[in-house]
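What follows is a single structure, written as structure tokens, with notes after it.
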Number of protein chains: 2
Amino acid sequence: MKIVIIGGVAAGAKAAAKIKRLLPDSDVSIYTDDTHVSYSACGLPYYIEGNFADYTSLLVRTVEEFNASGIEVYLESKVEKILPVQQQVLVCNKKNAFLVNYDKLIIATGARPIIPNIAGVKDYKNVYTLRKIEDGIVIRERMRNSKRAVIVGSGFIGIELLEAFVKNGLFVDIIEKNDRLMPSFDSDMSELIEQRLNNYNDGTFQIHTSEIVTDILGENGFATGVKTLSGKYIPTDMVILSVGIKPNSEIARDAGIVIGETGAIRVNKHMETSIKNIYACGDCCEEKHLISGKYVWVPLGSTANKEGECAALNAAGIDTEFEGVLGSSVTRCLNTTMSMTGLTESQALEAGYSPVFAVVSKTDKVAYMPNVGEITLKVMADKFTGLLLGGQAVGSIGADKRINALATALLGHLTVQEFKRNDLTYSPPYSPTIDPLLTAMSILCKRVSKPC
Amino acid sequence: MKIVIIGGVAAGAKAAAKIKRLLPDSDVSIYTDDTHVSYSACGLPYYIEGNFADYTSLLVRTVEEFNASGIEVYLESKVEKILPVQQQVLVCNKKNAFLVNYDKLIIATGARPIIPNIAGVKDYKNVYTLRKIEDGIVIRERMRNSKRAVIVGSGFIGIELLEAFVKNGLFVDIIEKNDRLMPSFDSDMSELIEQRLNNYNDGTFQIHTSEIVTDILGENGFATGVKTLSGKYIPTDMVILSVGIKPNSEIARDAGIVIGETGAIRVNKHMETSIKNIYACGDCCEEKHLISGKYVWVPLGSTANKEGECAALNAAGIDTEFEGVLGSSVTRCLNTTMSMTGLTESQALEAGYSPVFAVVSKTDKVAYMPNVGEITLKVMADKFTGLLLGGQAVGSIGADKRINALATALLGHLTVQEFKRNDLTYSPPYSPTIDPLLTAMSILCKRVSKPC
């Protein structure tokens with residue numbers, strides 16, 4: 001059996017390792033246009049920040065380790081075409097083009113940064129996106145020789161690089177076209193994120209919302225500033241483009257594989273695409289949302305790993321299902337943890353629910369303890385059934401703890417009436433006597449039709 | 001309507017405040033033999049440790065605040081007898097004895113330390129138990145003038161005081177009659193607690209397990225050492241007795257109220273005792289375990305608060321149910337978080353389940369991040385149904401996060417097969433790519449009869 005895997009960052013690498021363990025006699029090979037395989041892309045902002053010295057810490061498995069386990073890895077070898085009838089792929093490297101046969105094909109092509117429509121965006125060496133290891137290396141190097149940075153876009157990557165740059169002594173302008181930071185959060189919560197970050201701002205960064213970068217200006221091949229639609233000119237030593245990513249699904253689309261409305265590859269629970277013997281996993285494919293039942297695109301490293309494993313098991317003939325995602329995520333910026341799970345307010349409305357909310361701010365431990373932080377927690381349920389739909393938390397470390405408990409409740413399709421009975425751990429260093437999550441549920445209980 | 005509440009630490013204080021808010025015209029009074037009301041007893045070890053300067057930080061509501069809201073508080077006024085037929089209680093203070101009428105009586109008498117059978121245990125001024133505010137004050141004072149302490153018993157209080165004393169420069173001998181510390185945990189997990197604490201031992205304490213203190217010796221009214229059954233003599237400047245607590249249920253028993261097999265007061269979901277118009281809540285009463293359905297006695301501050309509120313609502317005529325507990329708890333000692341929820345191994349067997357386990361040790365965040373800690377997590381399910389039964393975690397901060405997610409799963413009666421699909425938050429500072437909880441569930445899945 002010959003298994004070909006396209007892409008090898010998280011899902012592809014996981015799939016390769018798993019399938020070789022399941023079928024030691026199979027012929028497993030990874031083709032990737034990347035210069036590295038099997039690495040923690042999520043760790044790149046922390047590498048840039050300087051949390052660890054060497055980028056090789058990000059490598060989960062080296063090429064040598066893959067080879068030693070009998071997996072062939074072809075770096076800088078781009079699969080240009082999938083030929084489903086022939087069960088072949090066309091690979092191009094710097095020197096050659098060649099066809100490779102497969103019995104099973106696993107597409108794990110990931111996603112790539114969106115390049116915004118800005119004049120001069122491709123003209124300068126110090127305009128970056130952050131996706132691959134070499135991006136991290138050059139951004140870190142440039143940062144160490146810079147005094148100012150402009151970050152365009154304030155999603156996860158933008159906000160993580162804000163922290164990295166500020167901690168390295170740069171002055172940062174972060175520019176967001178929406179009216180608030182982290183627009184994947186509900187508006188009230190992302191306004192809170194902005195407030196909190198500004199509380200930790202000792203004059204080292206400026207947040208610009210409702211602002212569009214129109215031009216990148218520079219000289220001698222280096223950007224020196226950006227212009228905005230409102231007429232601002234912001235000087236800089238480097239520009240980060242972090243306005244979002246899109247799935248690398250074109251190669252699948254060209255092969256006639258069904259693409260979902262999200263733009264990512266449609267797969268069933270077995271990670272099978274619409275074409276026989278072709279699987280997809282990781283950031284290039286869609287997921288079912290476990291609450292709404294709708295297809296969504298939530299490209300995250302943890303999900304990629306699970307999907308890679310599921311694709312490998314099914315390709316190896318072991319019937320396994322990946323049910324979907326809750327949209328759980330977490331990140332941090334400047335002493336602020338931001339975490340969410342389930343549906344957002346607009347997603348809930350779109351899915352036909354009648355969402356009601358409770359928002360509470362409480363200390364993360366009993367107030368008399370040292371290093372007390374604050375957590376603001378928003379929980380959401382359907383007004384008529386009480387079914388929990390989602391929640392978001394912003395605040396000190398411990399915000400993530402509440403969201404993981406809520407994610408588990410969503411998984412179990414619990415109602416707010418049921419959750420209110422929860423027996424969460426308590427001790428002064430870990431939570432107030434009544435955990436913020438239980439306080440929020442008590443309030444939410446009063447807003448649903450069915451009493452509790 | 002005249003409501004009398006006996007006891008006012010957590011459950012009693014909460015009940016008083018709640019009922020007065022619900023029924024502003026009612027006559028609410030608290031009688032307690034304590035010198036304080038409405039305080040965080042759980043915070044006493046942290047007060048002793050020096051996390052905050054003033055014990056008044058522990059007060060949730062002062063007597064003045066109670067009075068201002070129309071609640072009368074009688075300190076050092078012990079209720080000696082309940083007369084259910086007459087609907088009266090007999091109160092004794094330093095000067096008088098008098099009868100008080102009630103329409104509704106709420107018993108919140110709490111629990112008290114067990115005094116072990118040790119020769120000399122009552123002969124010395126510097127032998128302490130820790131339960132009330134004045135205990136905390138005298139222990140803190142004595143600690144500050146001591147170089148050595150002996151702690152008898154290694155449950156929550158014992159282990160919390162170990163940290164407090166060590167951080168204040170004392171040498172501590174902690175003596176446990178069982179073969180392991182924290183015997184409420186499963187044996188493998190409490191062995192791990194001992195290993196971890198010893199890893200943080202820089203010569204400032206000694207753990208003695210399987211050791212019984214037979215004698216406290218001293219002179220001039222002060223203990224100077226203890227003798228053990230194995231023949232050790234351990235010199236000390238103070239002795240803490242922390243071998244456990246028992247419910248203050250005698251006054252209820254004397255009144256003919258049904259007492260459970262646990263020794264605590266039996267109540268129904270409305271916190272009603274077996275006698276009309278008499279409620280009980282807090283550490284003096286039993287709870288139903290939400291997994292086993294059996295009566296248990298799990299005296300904790302968070303539960304006391306919930307029960308106090310439930311008793312108040314029902315006494316005020318608002319039908320409310322307290323369903324029970326999962327036995328969730330957490331504490332810390334010397335960089336070690338210890339947390340558990342659900343049934344222990346022996347409780348699961350006793351309840352008729354066929355428990356199977358998975359134990360995993362993983363980093364608490366991605367290994368390349370700074371300040372990486374380790375968490376060992378044990379999860380348990382029924383072999384035949386896969387129903388999750390409980391779990392325990394020992395390790396760095398973040399152990400509690402996993403247990404809260406597991407508690408939520410227990411609340412929802414999820415199986416390991418269901419939990420395996422959970423979408424927990426991931427980002428390098430918060431967890432490894434696959435959370436320890438999911439890794440543990442994957443392993444556990446293979447040990448249950450029903451495949452996943």
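Predicted, not measured: the structure shown is a model, and the values here were computed from it. Lettering follows sequence order; numbering is per chain, from 1.
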Drop me the distance from N422(A)'s CG to L326(B)'s CG, to the nearest 0.5 angstrom.
-> 6.5 Å
From S57(B) atom OG to M369(A) atom CE, the distance as rounded to the nearest 0.5 Å | 11.5 Å
Above 12 or not: heavy atoms from other molecules or residues under 6.0 Å from CG of D319(B)?
-> yes
Quick one: pull up OH in Y426(B) and CG in L300(A) and give me the separation to the nearest 0.5 Å.
-> 9.5 Å
Greatest number of heavy atom pairs closer than 4.5 Å to chain A - which of N305(B), I403(B), L406(B), T337(B) | T337(B)
In Å, rounded to the nearest 0.5 Å, how long is the span from CG of N404(A) to NZ of K401(B)?
-> 5.0 Å
Counting only heavy atoms not in I397(A), do more than 12 sit closer than 6.0 Å to its CD1 atom?
-> no
Closest contact, heavy atoms only, V330(B) versus S427(A) | O-CB, 3.1 Å
Quick one: do the T425(B) and D400(A) side chains pair a donor with an acceptor below 3.5 Å?
-> no
Heavy-atom closest pair (F419(B) atom, L411(A) atom, distance to 0.1 Å) is CA-CD2, 3.7 Å
Under the 3.5 angstrom rule, does the side chain of D423(A) hit a backbone N or O of A407(B) as a donor-acceptor pair?
-> no
Heavy-atom check, side chain of Y47(A) versus side chain of P428(B), under 4.5 Å | no
Between Y46(A) and P429(B), is any pair of side-chain heavy atoms under 4.5 Å apart?
-> yes
CG on L424(A) to OG on S329(B), rounded to 0.5 Å = 12.5 Å
So which of T331(B), T341(B), I434(B), V366(B) has the biggest tally of heavy-atom pairs under 4.5 Å with chain A?
-> T331(B)
Write down the atom of C42(B), the atom of Y368(A), and the distance for their closest heavy-atom approach.
-> C-OH, 4.2 Å
Which of R332(A), E418(A), H413(A) touches chain B most, by non-hydrogen pairs under 4.5 Å = R332(A)
Nearest heavy-atom approach of L290(A) to R421(B) is CD1-O, 4.4 Å
Does any heavy atom of chain B fall under 4.5 Å from the side chain of T320(A), the backbone, both, or neither of them?
-> neither
I133(B) atom CD1, over 12 foreign heavy atoms within 6.0 Å = yes
Picking from T303(A), L438(A), D435(A), V325(A), which has the most non-hydrogen pairs under 4.5 angstrom with chain B?
-> V325(A)
